[in-house]
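Written out below as structure tokens is the structure these notes cover.
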Protein chains: 2
Amino acid sequence: MQNGKVDIEEIGLDQALDFFKALGNLQRLKIIGLLASRSAVVEEIAAALELSPATISHHLRVLRQVGLLDVDSDQQYRIYSLRERRLKQMSRELLRLDTLREGAGAFPEGAFESKVLSNFVKRGKLVTIPAQRKKREVILKWLVEHFKREQDYPESEVNRIIGRFHEDFCTLRRELIMARLLTRERNIYRRPA
Amino acid sequence: MQNGKVDIEEIGLDQALDFFKALGNLQRLKIIGLLASRSAVVEEIAAALELSPATISHHLRVLRQVGLLDVDSDQQYRIYSLRERRLKQMSRELLRLDTLREGAGAFPEGAFESKVLSNFVKRGKLVTIPAQRKKREVILKWLVEHFKREQDYPESEVNRIIGRFHEDFCTLRRELIMARLLTRERNIYRRPA
DNA sequence: CCCTTATTTCGATATCCGTCAATGTATCTA
DNA sequence: TAGATACATTGACGGATATCGAAATAAGGG
């Protein structure tokens with residue numbers, strides 16, 4: 001390996017993908033295993049795995065492209081060897097959860113929610129109260145947005161606001177309390193901060 | 001997870017292969033990333049990745065089969081979550097070199113060598129001395145097998161033994177010394193232990 | 001019970017990928 | 001320089017796999 005070449009690089013989702021793809025193949029895993037004991041030339045590996053040199057050459061290129069192999073030239077031969085440091089580095093850093101999290105993006109807040117809302121809210125009215133918990137949660141969160149935070153509401157006012165969207169304000173008010181989206185003390189309702 | 005079930009299992013080459021195959025796919029990597037932030041149901045993931053629920057279900061099965069996911073039932077839903085311990089365990093143990101070494105088998109001592117020998121040795125005679133270093137090494141190792149270890153040989157005896165296989169015993173004798181397969185002190189030759 | 005909803009399974013299709021023969025290229029030998 | 005050797009590359013073929021629609025399954029709700 002040339003001097004001054006940096007061995008540690010930034011690892012993103014693409015790097016991880018290429019790495020796992022490279023190792024997600026039986027022959028390539030075997031090649032790694034073989035090179036873990038000693039370095040070798042193409043024909044040796046081909047003989048060991050009973051594959052054609054062309055195939056081995058192909059696999060070696062894949063492994064080289066993810067930085068797992070070093071190759072030295074000697075006469076006509078190219079001697080492949082395993083970069084153990086790289087392998088260890090990968091196994092350490094590739095599966096760090098924060099890396100995966102940011103690489104994958106996040107749940108689109110609104111993709112599922114907006115679908116539910118568009119299904120249950122027509123022309124500003126809540127047509128039915130979803131029976132399924134996950135959807136009901138979405139509706140309740142949407143409902144509670146019509147309340148200001150840290151402000152006192154008498155029960156009559158709560159009923160009036162909810163009543164704008166659905167006649168059964170009684171059920172919805174109770175659900176909001178159960179979901180802890182509203183609190184009640186001495187018949188005074190608040191939306192917590 | 002059920003009580004008493006062992007979380008740590010033996011890891012072989014097949015396990016490693018399935019694991020890397022499972023992660024060697026962009027959508028599945030993204031799913032891991034999503035579930036690293038919070039657990040979710042199939043349709044949420046489908047919405048996040050803009051794929052059909054059927055496709056997500058397929059990917060989730062693959063990830064479940066390598067033990068990366070937990071699934072809990074709630075109402076009609078199945079809530080998938082990431083088994084972080086398993087992920088960490090895999091990243092620690094999967095790429096241990098000794099595991100890979102034994103899983104891959106070793107170089108078949110003789111596959112490459114026997115090919116060289118059959119090419120250069122005809123009816124017990126060495127037809128030519130291979131010019132290429134690797135093949136010459138094979139021939140030299142084969143030659144030195146005709147010497148007993150830890151035994152003194154005068155030069156005339158060395159020449160006689162080598163001469164049984166090739167007329168140019170002079171070159172071969174020198175090569176054997178250079179390859180340290182024989183040693184020479186005061187014109188006495190030995191094959192080291 | 002019938003209907004709705006979430007998920008899985010099945011079948012079909014398109015794409016990706018592993019493999020090898022043939023060809024190209026560089027290096028070494030005679 | 002011609003010829004051999006080791007390896008890389010290309011093209012083609014076949015098998016694996018990702019994807020989705022449709023049908024089956026499961027679990028509730030009215």
Side-chain angles (χ1 to χ4, degrees), chain A residues 17-18 20-31 39-47 49-65 69 71-80 112 115-116 119-120 127-139 168 171, chain B residues 17-18 20-31 39-47 49-66 69 71-80 112 115-116 119-120 127-136 138 171:
Chain A
L17 181 61
D18 291 339
F20 290 127
K21 273 185 172 171
L23 292 189
N25 173 279
L26 180 59
Q27 310 305 336
R28 285 196 287 268
L29 268 189
K30 285 183 179 176
I31 290 176
S39 52
V41 299
V42 178
E43 290 216 352
E44 281 180 291
I45 303 173
L49 301 187
E50 296 178 344
L51 291 174
S52 77
T55 301
I56 299 301
S57 185
H58 161 68
H59 288 312
L60 289 173
R61 178 163 67 147
V62 175
L63 292 174
R64 227 187 324 152
Q65 282 173 336
L69 299 185
V71 51
D72 278 317
S73 286
D74 180 36
Q75 301 192 136
Q76 312 103 309
Y77 299 90
R78 301 201 186 163
I79 302 177
Y80 286 88
F112 179 71
K115 183 184 166 192
V116 173
N119 279 341
F120 285 87
V127 289
T128 57
I129 301 175
Q132 299 172 27
R133 187 168 56 78
K134 275 200 107 55
K135 293 181 179 176
R136 203 164 57 233
E137 277 175 7
V138 173
I139 294 299
D168 190 0
T171 296
Chain B
L17 180 61
D18 291 339
F20 289 128
K21 271 186 174 173
L23 292 188
N25 173 279
L26 181 59
Q27 310 305 336
R28 286 196 287 268
L29 267 190
K30 285 183 178 175
I31 291 176
S39 51
V41 299
V42 177
E43 289 219 347
E44 282 181 292
I45 303 173
L49 301 188
E50 296 178 342
L51 291 174
S52 77
T55 301
I56 299 300
S57 185
H58 159 68
H59 287 313
L60 289 173
R61 178 163 61 152
V62 175
L63 291 174
R64 229 187 321 153
Q65 282 174 334
V66 296
L69 299 185
V71 52
D72 277 317
S73 286
D74 180 34
Q75 299 192 136
Q76 312 101 312
Y77 300 89
R78 302 208 184 158
I79 301 177
Y80 285 89
F112 178 69
K115 182 184 166 193
V116 173
N119 279 340
F120 285 87
V127 289
T128 58
I129 302 174
Q132 300 171 26
R133 187 169 55 79
K134 275 205 115 41
K135 292 183 180 176
R136 205 164 54 229
V138 173
T171 296

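In what follows, every chain begins at residue 1, and chains take the letters A, B, ... in the order their sequences are listed.
Across all strands, Ala131(B) comes closer than 4.0 Å only to sugar-phosphate atoms, never to a base (heavy-atom distances). No engagement by Lys134(B) is indicated, since no non-hydrogen atom pair under 4.0 Å with the nucleic acid exists. Across all strands shown, Leu51(B) has heavy atoms under 4.0 Å from sugar-phosphate atoms exclusively, and none from any base.
The structure places CD1 of Ile31(B) at 11.0 Å from CG of Leu23(B), a figure rounded to the nearest 0.5 Å. Glu43(A) CD to Lys134(B) NZ: the interatomic distance, rounded to the nearest 0.5 Å, is 11.5 Å. Taking CG of Asn25(B) as the reference point, atom CG of Leu17(A) lies at 7.5 Å (rounded to 0.5 Å). Taken to the nearest 0.5 Å, the CD1 atom of Ile139(A) stands 8.5 Å off from the OG1 atom of Thr128(A).
Rounded to whole angstrom, the span from the CG atom of Leu29(A) across to the C1' atom of dC17(C) amounts to 16 Å. One interatomic measurement links the two molecules: CD of Glu43(B) to P of dT5(C), which rounds to 10 Å at whole-angstrom precision. Taking atom NE2 on His59(A) and atom C1' on dG18(C), their separation rounds to 6 Å, with Å as the unit. Residue Asn25(B) contributes atom CG, which lies 13 Å from atom C1' of dC17(C) at whole-angstrom precision. Distance, Gln76(A) CD to dG24(C) C1': 17 Å, rounded to whole Å. Distance Leu26(B) CG to dT15(C) C1': 15 Å, rounded to the nearest Å. We find that CG of Asp72(A) is positioned 16 Å from C1' of dT27(C), with the value rounded to whole Å. Put simply, CD on Gln75(B) is 14 Å from P on dT5(C), counting in whole angstrom units.
In this structure, Gln132(B) and Arg28(B) both approach DNA chain D, and ranking their closest nucleotides by distance from the 5' end singles out Gln132(B). Residue order along DNA chain D, read from the 5' end via each residue's closest nucleotide, puts Tyr77(B) first among Ile129(A) and Tyr77(B). Nearest-nucleotide positions on DNA chain C for Arg78(A) and His58(B) put His58(B) closer to the 5' end. Ranked by how close their nearest DNA chain C nucleotide is to the 5' end, Asp74(A) and Leu60(B) are led by Leu60(B).
In this structure, Thr55(A) reaches the dC20(C) phosphate: one of its side-chain N or O atoms is under 4.0 Å from OP1 or OP2. Put simply, Tyr80(B) has a side-chain N or O that comes within less than 4.0 Å of OP1 or OP2 on dT8(C). In terms of phosphate contacts, Ser57(B) brings a side-chain nitrogen or oxygen within less than 4.0 Å of OP1 or OP2 of dT8(C). For dT19(C), the OP1/OP2 oxygens have a side-chain nitrogen or oxygen of Gln27(A) closer than 4.0 Å.
Using a 4.0 Å cutoff to heavy atoms of chain B, the contacted part of DNA chain D runs 5' to 3' from dT5(D) to dG28(D).
Counting only heavy atoms from C-beta outward, the side chains of Val42(A) and Arg78(A) never approach each other to under 4.5 Å.
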List the atom pairs, with distances to 0.1 Å, where a side-chain N or O of residues 55-63 of chain A and a protein N or O form a donor-acceptor pair under 3.5 Å, not counting sequence neighbours.
from     : atom 1 : to       : atom 2 : distance (Å)
Thr55(A) : OG1    : Ser52(A) : OG     : 3.0
His59(A) : ND1    : Arg28(A) : NH1    : 3.1

